[in-house]
Number of protein chains: 2
Amino acid sequence: MEHGQAHEHSIERELECVSQVPIFQRLSADQMMSVAQVTRPIHAEKGGTVFSTGEVSQTLYIVNQGQVRLYHLAEDGREQVLRVLNPGDFIGEIALFTDEIHSSYAEATKTTELCTISRSALTALIKKLPPLSMALLGALADRLKVAERQATLLAIPDALPRLAGYLRELSGHTAGTVDLPMSKQDLAAYLGMTPESLSRKLRQLVTAGIIETIGRRQVKITDATKLGDVAPA
Amino acid sequence: MEHGQAHEHSIERELECVSQVPIFQRLSADQMMSVAQVTRPIHAEKGGTVFSTGEVSQTLYIVNQGQVRLYHLAEDGREQVLRVLNPGDFIGEIALFTDEIHSSYAEATKTTELCTISRSALTALIKKLPPLSMALLGALADRLKVAERQATLLAIPDALPRLAGYLRELSGHTAGTVDLPMSKQDLAAYLGMTPESLSRKLRQLVTAGIIETIGRRQVKITDATKLGDVAPA
DNA sequence: CGATCAATTGACACGGCTCAAGGGGTGTGG
DNA sequence: CCACACCCCTTGAGCCGTGTCAATTGATCG
């Protein structure tokens with residue numbers, strides 16, 4: 001709030017957020033400025049809620065730093081993880097086009113910085129910046145691909161090929177070390193099985209010489225070929 | 001190919017296709033004309049293939065009349081239905097933004113009319129017609145919502161609530177008669193169970209007085225409340 | 001260094017898949 | 001219009017896999 005440059009200074013934080021995010025990456029400096037002007041930053045502490053079920057949303061949330069966990073809460077208290085958002089990922093795009101209440105909770109798993117854009121501001125931006133529509137469409141198409149893959153995986157009745165298929169996706173079909181994007185109990189829910197089953201199936205893959213577990217959140221694929229044999233299609 | 005009006009006449013068919021499709025619905029007559037000019041119609045007989053696995057696709061397919069079944073072919077020969085496309089639905093949007101080969105088969109279940117748009121033509125259109133981007137984004141967001149719902153459903157370990165949840169979605173949470181979008185064996189695969197299990201669970205719902213089966217492809221929800229009790233969340 | 005929660009491991013029961021056989025509806029050809 | 005055949009759907013019996021419940025180990029954080 002210093003003299004003269006007060007206004008420009010006030011959007012520095014917004015600009016930083018915008019420049020970090022892939023969907024805005026290809027925009028020119030001018031265009032980014034337009035985006036930054038309608039952006040509002042949000043901060044969430046670890047364990048804090050970004051939004052809850054039942055809230056009406058007309059806002060696009062973009063993760064800048066940190067991590068956000070999106071999950072359903074079943075009536076029996078079990079949490080079903082839908083998705084984990086890392087920096088650059090966004091959520092709320094559905095609510096932007098269809099009036100709807102949130103059907104899930106969004107919780108920060110660490111100290112997190114987000115930026116938000118209201119529906120009206122975004123629609124105005126889209127009309128003004130064609131490259132932005134392309135970027136958004138691309139991002140949405142990617143999301144769709146992932147969601148459909150997950151649906152295909154989950155339709156597999158047996159737990160072992162289901163897990164193997166997931167690991168193969170995660171590793172990009174090649175050997176190497178991969179980070180699990182969430183805790184194992186969350187991963188179990190994500191894959192439609194219990195933590196116990198996940199543990200057993202992982203062990204089974206280790207025994208078969210296909211993977212190695214490194215620490216708590218890493219898995220090393222040692223035999224991508226065998227993994228492909230266990231996984232479907 | 002008659003004299004004079006030859007050119008205009010040649011895109012009549014394309015224009016008909018474009019005007020039928022929801023994502024183009026809100027465009028003005030002029031704008032529809034622009035779209036029709038880059039559209040190419042395709043015809044498929046019942047049982048015919050629209051595209052196969054392994055083909056590179058840079059084309060958006062929009063179903064005008066008929067029905068198209070999208071499915072994976074597992075190595076054991078089992079077919080996993082991903083989606084059934086009715087008039088107005090489209091496929092190929094993923095391939096428009098990420099170079100990729102098709103991972104599924106598309107087969108016409110009846111005599112079907114489609115229209116296609118190439119990637120380059122569509123990107124050009126988007127730049128020219130902002131309303132089109134909004135329509136596309138909205139349609140993609142809807143698709144995403146459906147895919148995420150399906151993933152949530154499939155993560156349910158027990159078959160009965162999984163089926164109940166599906167029926168509830170299909171009926172729009174109210175009582176009434178709904179058409180099944182595919183055969184029961186396809187539906188079983190879609191829901192991640194065997195045809196036998198599906199048959200038994202349907203019977204179970206009938207016995208409980210929750211639904212009635214009408215013919216082979218219709219289900220009547222008689223007690224939406226009880227259905228909600230069986231279904232999750 | 002202790003407390004707390006995640007992850008593992010074991011025993012057991014139940015649900016769903018597998019394999020096999022019997023109707024019922026649908027679409028075809030005569 | 002009828003009859004046949006094919007395929008989809010249904011129904012039954014047995015077994016394997018996975019969820020459930022419970023206890024132990026292990027790791028991470030204050």
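Note that this is a predicted model, so its numbers are computed, not measured. Residue numbering restarts at 1 for every chain, and letters A, B, ... go by the order of the sequence lines.
Taking atom CD of A:Gln204 as the reference point, atom C1' of D:dC16 lies 13 Å away to the nearest angstrom. In this entry the distance linking CD of A:Gln185 with C1' of D:dA27 reads 14 Å, nearest Å. Rounding to whole angstrom units, CG of residue B:Leu160 and P of C:dC17 are separated by 13 Å. Between the NZ atom of B:Lys46 and the C1' atom of C:dG27 there is a distance of 9 Å, given to the nearest Å. Taking atom CD1 of B:Ile214 as the reference point, atom P of C:dG25 lies 14 Å away to the nearest angstrom. Rounded to an integer number of Å, the gap from A:Leu163 CG to D:dG17 C1' is 15 Å.
Nucleotides of DNA chain C nearest to A:Leu198 and A:Asp158 differ in position, and the one nearer the 5' end is that of A:Leu198. Nucleotides of DNA chain C nearest to A:Asp186 and A:Pro157 differ in position, and the one nearer the 5' end is that of A:Asp186. Along DNA chain D, the nucleotide closest to A:Arg216 and the one closest to A:Lys201 are compared, and the more 5′ of them pairs with A:Lys201.
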Handout entry: side-chain hydrogen bond (donor to acceptor under 3.5 Å, both in side chains) between A:Gln67 and A:Thr109, worked out
Key = CA-CA 6 Å; A:Gln67 191 181 64; A:Thr109 60; 2.8 Å; yes

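A donor-acceptor contact under 3.5 angstrom links the side-chain atoms of A:Arg200 to the base of C:dG10. Checked by distance alone, A:Glu196 brings a side-chain donor or acceptor within 3.5 Å of a matching partner on the base of D:dC21. Evaluation of atom-type donor-acceptor distances gives no pair under 3.5 Å for the side chain of B:Arg217 against the base of C:dG25.
Regarding contacts with the backbone of C:dA7, every side-chain N or O of A:Ser199 stays at 4.0 angstrom or more from both OP1 and OP2. One finds no side-chain N or O of B:Ser183 lying less than 4.0 angstrom from the OP1 or OP2 phosphate oxygen of D:dC8. One finds a side-chain N or O of B:Ser197 lying less than 4.0 angstrom from the OP1 or OP2 phosphate oxygen of C:dC17.
A:His102 and A:Phe51 have parallel rings, their planes meeting at less than 30° on a 0 to 90° scale where 60° marks the start of perpendicular.
Ion pair B:Arg69/B:Asp186 flagged as a salt bridge, since at least one NZ, NE, NH1 or NH2 atom sits closer than 4.0 Å to an Asp/Glu carboxylate oxygen.
The closest donor-acceptor contact from the side chain of A:Thr222 to the backbone of A:Ile210 lies under 3.5 Å.
The two residues B:Thr112 and B:Gly66 have their closest heavy-atom pair at OG1-CA, 3.7 Å.
With D:dT10, D:dT20, C:dC17 as the choices, the nucleotide that has an atom nearest any side-chain atom of B:Thr194 turns out to be C:dC17.
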